[in-house]
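Report on the structure given below.
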Amino acid sequence: MTRTDVPATWDERATLTTFLDYVRATVRAKCEGVTDADARKAPLPDSPLMTVKGLVSHVRWVEYSWFQVVLLGEEDAGPWTKEDPDREFTYALDTPIEQLLDEYDAQSARYNELVASLDLDTLAQRNLGRAGRPATLRWILFHLVEEIARHNGHLDVVRELVDGTKGD
């Protein structure tokens with residue numbers, strides 16, 4: 001995946017999808033060179049879920065939830081449960097970081113195909129809880145850019161604390 005925030009054209013779709021790919025590629029870039037042991041460390045005493053692996057798993061499952069559950073209306077088969085609503089952060093701790101990143105890349109490629117096949121005004125099959133009505137694909141893309149970018153900031157902090165690597 002190319003890491004650029006400059007779209008080939010300046011239309012809305014190209015801008016949204018380029019930024020989504022950029023923040024996805026930034027997740028991988030922020031994990032470059034991290035050891036598997038460091039990727040499972042939680043350096044923030046009051047935030048035991050904040051690990052490199054947990055954050056990678058979280059952004060992967062966030063996209064799953066927005067595209068497959070909300071947009072397409074599929075049944076939710078995510079790793080979370082009523083008893084453990086943040087399970088996506090912990091269940092992946094024993095999975096190699098490269099595997100987590102490769103699975104995220106493969107999922108991203110599938111979602112890029114899905115997005116390319118739909119109009120930006122496509123309405124989600126499920127209502128957006130806080131709005132009480134379905135979101136558009138446009139809104140979902142914008143929201144994912146915002147959310148993944150925010151978690152990239154978390155990755156910067158966690159990575160610096162576990163092995164001293166500073167983000168750009």
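Note that the numbering runs from 1 along the sequence shown for the chain. Since the model is a prediction, treat every value here as computed from it, not as a measurement.
The distance from the CZ atom of Phe19 to the OG1 atom of Thr26 is 10.0 Å, given to the nearest 0.5 Å. Taking CG of Asp156 as the reference point, atom CG of Leu161 lies at 10.5 Å (rounded to 0.5 Å). Distance CG/Leu16 to CG/Leu120: 6.5 Å, rounded to 0.5 Å. In this structure, Asp94 CG and Thr90 OG1 are separated by 10.0 Å, a value rounded to the nearest 0.5 Å. Atom SG in Cys31 sits 8.5 Å away from atom CG in Leu55 (nearest 0.5 Å). The distance from the CD atom of Gln107 to the CG atom of Leu114 is 11.0 Å, given to the nearest 0.5 Å.
Counting heavy atoms from C-beta outward, Leu137 and Phe67 have side chains that approach closer than 4.5 Å. Counting heavy atoms from C-beta outward, Leu20 and Tyr111 have side chains that stay 4.5 Å or more apart. For the pair Thr165 and Glu160, the minimum side-chain heavy-atom distance is 4.5 Å or more. In this structure, Val62 and Leu144 have side chains that are in contact, with non-hydrogen atoms separated by less than 4.5 Å. Under the 4.5 Å side-chain criterion, counting only non-hydrogen atoms from C-beta, Glu74 is in contact with Gln68. You'll find the side chain of Val115 reaches within 4.5 Å of the side chain of Leu141, heavy atoms only.
At a threshold of 4.5 Å between side-chain heavy atoms, the hydrophobic network of Ile, Leu, Val, Met, Phe, Trp and Tyr places Val70 and Leu123 in two separate groups. The cluster map of Ile, Leu, Val, Met, Phe, Trp and Tyr, joined by side-chain heavy atoms under 4.5 Å apart, puts Tyr104 and Leu93 in different clusters. When the side chains of ILVMFWY residues are joined at heavy-atom separations under 4.5 Å, either directly or via intervening members, Ile148 and Val157 end up in a single hydrophobic cluster.
Asn112 and Arg24 are linked by a side-chain donor-acceptor pair at a separation below 3.5 angstrom, with hydrogens and angles left out of the test. Judged purely by distance below 3.5 Å, without hydrogens or angles, the side chains of Glu103 and Gln99 pair a donor atom with an acceptor atom. Checked by atom type, the side-chain pair Trp61/Tyr91 shows a donor-acceptor distance below 3.5 Å.
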Before giving the answer on side chain to side chain contact (heavy atoms under 4.5 Å, CB included), spell out for Asp163 and Thr35 the whole-Å C-alpha distance, their side-chain angles and the decisive distance to 0.1 Å.
-> CA-CA 9 Å; Asp163 72 2; Thr35 66; over 6 Å; no

Between Asp105 and Arg28, does a salt bridge (charged side-chain N to carboxylate O under 4.0 Å, His left out) hold up when you go through it step by step?
-> CA-CA 9 Å; Asp105 288 347; Arg28 180 174 277 282; 2.8 Å; yes

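The shortest non-hydrogen separation linking Asn127 to Gly132 is ND2-O, 3.6 Å. Closest heavy-atom contact between Ala124 and Pro134: O-CB, 3.2 Å. The two atoms that bring Trp80 and Asp76 nearest to each other are NE1-OD2, 2.9 Å, heavy atoms only. Residues Thr15 and Thr9 approach most closely at OG1-O, 4.4 Å, considering heavy atoms. Scanning all heavy atoms of the two residues, the minimum distance from Tyr22 to Asp5 falls at CD1-N, 3.6 Å. Closest approach of Leu101 to Val27, counting heavy atoms only: CD2-CG1, 4.2 Å.
Formation of a donor-acceptor pair under 3.5 Å by the Asp11 side chain with backbone atoms of Ala14 is found in this model. Proximity of a side-chain donor or acceptor of Arg126 to a complementary backbone N or O of Val69 within less than 3.5 Å is detected. In this structure, the side chain of Arg159 engages the main chain of Lys30 through a donor-acceptor pair within 3.5 Å.
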Donor-acceptor contacts, no H, no angles, side chain residues 42-52, under 3.5 Å, sequence neighbours left out:
{"residue": "Thr51", "atom": "OG1", "partner": "Gly54", "partner atom": "N", "Å": "2.7"}

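Partner of Lys53 under the side-chain contact (heavy atoms from CB on, under 4.5 Å) criterion, out of Asp38, Leu100, Val158: Leu100 alone.
Between Arg60 and Glu88, no side-chain nitrogen of the basic residue sits less than 4.0 Å from a carboxylate oxygen of the acidic one, so the salt-bridge criterion is not met. For the pair Arg150 and Glu146, the salt-bridge criterion is met [side-chain N within less than 4.0 Å of a carboxylate O]. Asp119 and Arg13 are not joined by a salt bridge, as no carboxylate oxygen comes within less than 4.0 angstrom of a charged side-chain nitrogen.
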